[in-house]
Number of protein chains: 2
Amino acid sequence: MLRVGINGYGTIGKRVADAVRKQPDMEVQGVGKRSPDYVAVNADERDYAVYAADESRADGFREIGIDLAGTVDDLVAESDVIVDATPSGIGAENRPLYERHETPALFQGGEDATVAEVSFNARANYEEAEDADYVRVVSCNTTGLSRFLAPLHENYGVEKARVTLVRRGGDPDQTGRGPINDAVPDPVSIPSHHGPDVQTVFPELDIDTVGLKVPTTMMHVHSVNVTLEERPDDVENVTELYRNEDRVLTIPDYAGIDGAGTLKDLAQDAGRPRGDIWENCLWEESLTLQGQDLYCMQAIHQEADVVPENVDALRALEGELSSEESRAITNETLGIDLTHLHDRTDLTADRRTPDGSLADD
Amino acid sequence: MLRVGINGYGTIGKRVADAVRKQPDMEVQGVGKRSPDYVAVNADERDYAVYAADESRADGFREIGIDLAGTVDDLVAESDVIVDATPSGIGAENRPLYERHETPALFQGGEDATVAEVSFNARANYEEAEDADYVRVVSCNTTGLSRFLAPLHENYGVEKARVTLVRRGGDPDQTGRGPINDAVPDPVSIPSHHGPDVQTVFPELDIDTVGLKVPTTMMHVHSVNVTLEERPDDVENVTELYRNEDRVLTIPDYAGIDGAGTLKDLAQDAGRPRGDIWENCLWEESLTLQGQDLYCMQAIHQEADVVPENVDALRALEGELSSEESRAITNETLGIDLTHLHDRTDLTADRRTPDGSLADD
C-alpha cells in the first residue's frame, strides 16, 4: 500500500484525499491543514489524521477537538509520497522540505512547470512520469485541453489550435473574489500562459490561447478551434471519437443541458460526491467542421477534473501499471461512468427505422 | 405502506421522491414528468416508474428508452396520495384531477393558500393537517420563517416581526432567469406576500416582510428583526434555543462560514445528497439583542428545506404519528444531523479553564 500524504486540504486536497482512499493500492497517511475551520472539522469527521501546518498553529486545532497527528514535517517523513495541494506558489516553497525527507511529491498546476521534472496528464504523457521524483499535475484548464487535443493529435494531426478560455472567477466557496459584472481580459497579454502550459504536455503542438474571467463559480468554458492536418470525413467521426474517450462527457442534444448550472444539476442527480464532474463536458451540437477547422465548446469543472489525474500520477511515479491500467482502476473506483446520456441516444439510433421515425417496441 | 405519487419531477419533486423512498412507511408509486430531458433520464436511472404528463408527450420518452408506466392520470388513480410538485399555479389546475380520483394531495407553497384546507409546517402546526385531504406545504421562505419564529413565539412571545428577504434569482439550473447585476425590489409593494403567508401558519402573528431579489442561485438570506414580548436574560439563551432545534443549523463563529458558498461547500463535504441543506442556517454571531429587539441573519436553501416538510405532511395526513414522531423518523432517514460544528464548540467550552484559556489535554 502506497502511503500518501496530502499537504493542503482545500478544494483539491480534500478531493484527492477522498479519491486516494478509494484506491485498492493506496492509503491516506494524513492531511496537512493550515486553518482550524469547518474544512478541518470535516477532515477530522472523515477520520483523516490531521497534521498542522506548523506547531504555532496547533492550539487552534486542539480548541475544536482535533487531536493532531503532528505537523506537516512529520507527515512528509511518514509518507511514501506527498500530494502538494497548497495554494499556487506555496508548493515551490515546500519542495525543499520534501527533498530533505527524500519523499517524492506531486505538485499542482498552479506552480510553475519548473517545480517538477515532468508536467503530467494521464491521457497524454503518463509514461514520462515513470522515472521522476517530482511531478506536476497540470492545471484544470490544461488538463481539459490535453484530454481534448490528444485524440485529435493521434487521429487527424493538429496543424494549429486556438482556444479562448472563459474562466470562472473563483470556486463556489470563494465568492469574495472578482470579477463581478464584468468579463475581464485575464491576462490581457496574448497568448495567455495556458498555451505554453499545454506545450509542457505536448511539446511540439502549435497552440495559442486567450484568457478572460467572468463572474461565475461553477465551471470554465472553452471555445476551441483546431485546424486539423487531415480532414475527417464527417463531424460524426469526431463525435464518435470523443464518445469513446473515458474522461470526456459528450452532451447529446436532446438532454436539455444548456450550461454549467444544468451540468452541475446532472452531477448532483447522479449522486456524484460534492457534485463533482471529473470529465471534460463537450456539447455534441457545438462540434462543427468548416473546411479543415474544427470548432466546439466544452466546460471544465475546475474543482474536479485534476483529481483522477493526481491518482494516476501517483501510479505513474510507482511505475508498475500502464496508463490504461491505472485509468481503468481510477475510473471504476471513483465512478467516472456518466455514459447513460449518450447510451440512450445510441439506443435511439438503433431503434430508428430507415426513414428516421421510431420503430415500435 | 403509503403509496406516494409525485406529480412533477423538477427541483422539489425529485428531492421529495428520494426522501419518500428512504422512509420505512412509504413507497414511491411513480413520478409524473413533462419533458424527456436529462432529468427524466435520471428518474429512469433511479428506477422510478415514469408517467408522462399526457399521452401526446409519450413518444419523446420512448425515444430515449423510457418505458412509461402510464400517464399522470394513471399515477393519480394508482397512488394513495399525490405530492404535487408542478410549477407554481399548475397545482391548482391539477386539483380537479385529484378530486376526480378521490386521491388526497399535497401542494407546494407556490400555490395560493386557497388551493388546500391547511397551510403546513411540521414544527409549527402539524396537527392541523390531520383531518385534511388537501394540504399545502408552505414555501421555502415561509418554512424558514416558521421554524425561526416558533421557538420565539413559544418562549418569549412575538410582539412584532419585521423581515427583509434577500432572495436568490433562480435555482442553480435556472441561470437564464434574472436579475443580473441588480438588487431588485420584488415585489416593490410593501409588505410582500411572505408576511401573510407566514400568517397562514401563525394566524395571530404580527409580521411585515419586504422582498427583493439578487443575482445568486444558491440560497435566500433573511435579515430578521423580532420585537419580543419578554426580553431574554441574555442572547446566549436564544442561541441555546436554536441549537436545540432539529432543523436549525447554528453556525459557530470559528467555522469560517461566511455565506452561501461556504455553506454549500460544508454540505458537499458532509456528503449530503445534491449538497442539500434541509435546515435553516443561522449565524450565531448575528444573533443580537437591542432592548426587546432581536436581530439575526439566516440562509435558506430554497431547493431543500421543504423536502422534510413534505414527508412530515404525508404522515400528518395519515394521522397516525405525532409531529415529534414523524420529524424524528424523517430526520434520521434523511440524515438531518449536522450538529458536529457546534458540538465542537460545546467541547471547547467544557475544556476551557475558568480564565478562558484552553486546558491541557
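The model shown is predicted, which means the values in this text are computed figures rather than measured ones. Each chain gets a letter, A, B and so on, in the order its sequence line appears, and its residues count up from 1.
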Taking atom [atom1] of [X] and atom [atom2] of [Y], what is their separation to the nearest 0.5 Å?
| X | Y | atom1 | atom2 | answer |
| --- | --- | --- | --- | --- |
| T217(B) | M218(A) | OG1 | CE | 5.5 Å |
| L341(B) | N42(A) | CG | CG | 9.5 Å |
| K264(B) | T175(A) | NZ | OG1 | 13.0 Å |
| T262(A) | D171(B) | OG1 | CG | 12.5 Å |

Can you find a pair of side-chain heavy atoms, one from D265(A) and one from Y38(B), that are under 4.5 Å apart? yes
In terms of heavy-atom pairs under 4.5 Å with chain A, the winner among D37(B), D258(B), I180(B), L263(B) is D37(B)
Interface check, chain A: of R15(B), Q174(B), R46(B), most non-hydrogen pairs under 4.5 Å belong to R46(B)
Would one find more than 12 heavy atoms of other residues, nucleotides or ligands at under 6.0 Å from atom [atom1] of [X]?
| X | atom1 | answer |
| --- | --- | --- |
| E285(B) | CD | no |
| E332(B) | CD | no |
| R34(B) | CZ | no |

#### Entry: Residues of residues 297-305 of chain A with any heavy atom under 4.5 Å of a heavy atom in chain B
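Near chain B, by residue number: none.
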Under a 4.5 Å heavy-atom criterion, the part of residues 269-276 of chain A in contact with chain B comprises D269(A), A270(A), G271(A), R274(A), G275(A)
Report the option among [options] that has the most heavy-atom pairs separated by less than 4.5 Å from atoms of chain B.
| options | value |
| --- | --- |
| A260(A), P172(A), G176(A) | P172(A) |
| G60(A), A43(A), A255(A) | A255(A) |
| D44(A), T11(A), V39(A) | D44(A) |

Under 4.5 Å to a heavy atom of chain A? For P36(B) that would be backbone
